[in-house]
Amino acid sequence: MAMATMRLAKDDTLKAAEILESATSLGLEIEHEEERIRMLTDIGNAFIDAKRGDKAIETFERARVFAEARQRSSRCAACRCRTGADAGRQR
């Protein structure tokens, strides 16, 4: 990301977009979901700065998919906790 920011500062949007493409691929490999989502939104914003709205939309869409999956996962975990707690009371 820092390299892309430097290229944007020099108005080299083409090279910045290439670097951001690589950053997107690396961002998808981040293990922690919240960090992956944050990185993808940062990259999406940088694509906007690089005047690549098409890539920004694509990157934000990926972040949205991960965020929705994270939200579903959290809800399911909360349901399991409540179910487990209720099961313990019924015994």
Side-chain angles (χ1 to χ4, degrees):
M1 284 288 297
M3 291 174 56
T5 303
M6 288 173 31
R7 291 295 182 166
L8 287 171
K10 295 178 180 180
D11 287 331
D12 189 357
T13 57
L14 185 61
K15 186 64 177 174
E18 289 175 18
I19 294 168
L20 291 169
E21 284 285 337
S22 297
T24 301
S25 297
L26 293 173
L28 294 173
E29 296 178 16
I30 294 174
E31 184 177 340
H32 297 288
E33 294 167 338
E34 294 90 352
E35 289 298 319
R36 184 181 322 124
I37 294 163
R38 186 175 298 116
M39 175 63 84
L40 289 172
T41 56
D42 289 347
I43 293 169
N45 287 322
F47 270 127
I48 290 171
D49 293 340
K51 307 206 180 346
R52 289 299 308 267
D54 57 327
K55 292 294 184 180
I57 291 169
E58 190 178 299
T59 305
F60 287 135
E61 177 63 19
R62 287 179 174 171
R64 183 190 64 79
V65 169
F66 283 120
E68 286 178 351
R70 170 80 172 98
Q71 188 176 19
R72 280 192 304 275
S73 173
S74 294
R75 271 191 248 145
C76 289
C79 290
R80 284 192 297 272
C81 287
R82 282 195 298 268
T83 303
D86 292 341
R89 283 188 229 147
Q90 292 175 352
R91 291 183 188 176

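Sequence positions, counted from 1, serve as the residue numbers for this chain.
- For the pair Ile48 and Ala56, the tightest heavy-atom approach, listed with the atom from each and the gap, is CG1-CB, 3.6 Å.
- Note on Ile19 and Met6: separate hydrophobic clusters, where clusters join Ile, Leu, Val, Met, Phe, Trp and Tyr whose side-chain heavy atoms are under 4.5 Å apart, directly or indirectly.
- Counting non-hydrogen atoms of neighbouring residues, nucleotides and ligands closer than 6.0 angstrom, the CE atom of Met3 reaches no more than 12 such neighbours.
- Closest approach of Asp49 to Thr13, counting heavy atoms only: O-CG2, 4.4 Å.
- The one candidate from Arg62, Glu35, Arg64, Glu61 that meets the side-chain contact (heavy atoms from CB on, under 4.5 Å) condition with Leu40 is Arg62.
- Atom CD in Glu21 sits 7.0 Å away from atom CZ in Arg52 (nearest 0.5 Å).
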Handout entry: Test log, rule salt bridge (Lys or Arg N to Asp or Glu O under 4.0 Å), inputs Glu34 and Arg38
Key = CA-CA 6 Å; Glu34 294 90 352; Arg38 186 175 298 116; over 6 Å; no
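- Interatomic distance, CG of Leu20 versus CG of Leu8, reported as 6.5 Å (0.5 Å rounding).
- Once rounded to the nearest 0.5 Å, the distance linking CE of Met1 with CG of Asn45 reads 8.0 Å.
- Judged by distance alone, the side chain of Arg7 and the main-chain N or O of Asp12 form no donor-acceptor pair under 3.5 Å.
- Electrostatic pairing of Lys15 and Glu18 counts as a salt bridge here, judged by a charged N lying under 4.0 Å from a carboxylate O.
- Taking CG from Asp42 and OG1 from Thr5, the interatomic distance works out to 9.5 Å, rounded to the nearest 0.5 Å.
- In this structure, the side chains of Asp54 and Phe47 stay at 4.5 Å or more apart for every pair of heavy atoms.
- Rounding to the nearest 0.5 Å gives a distance of 12.5 Å between CZ of Phe66 and OG1 of Thr41.
- The nearest pair of heavy atoms linking Ala4 to Ala16 is O-CB, 3.8 Å.
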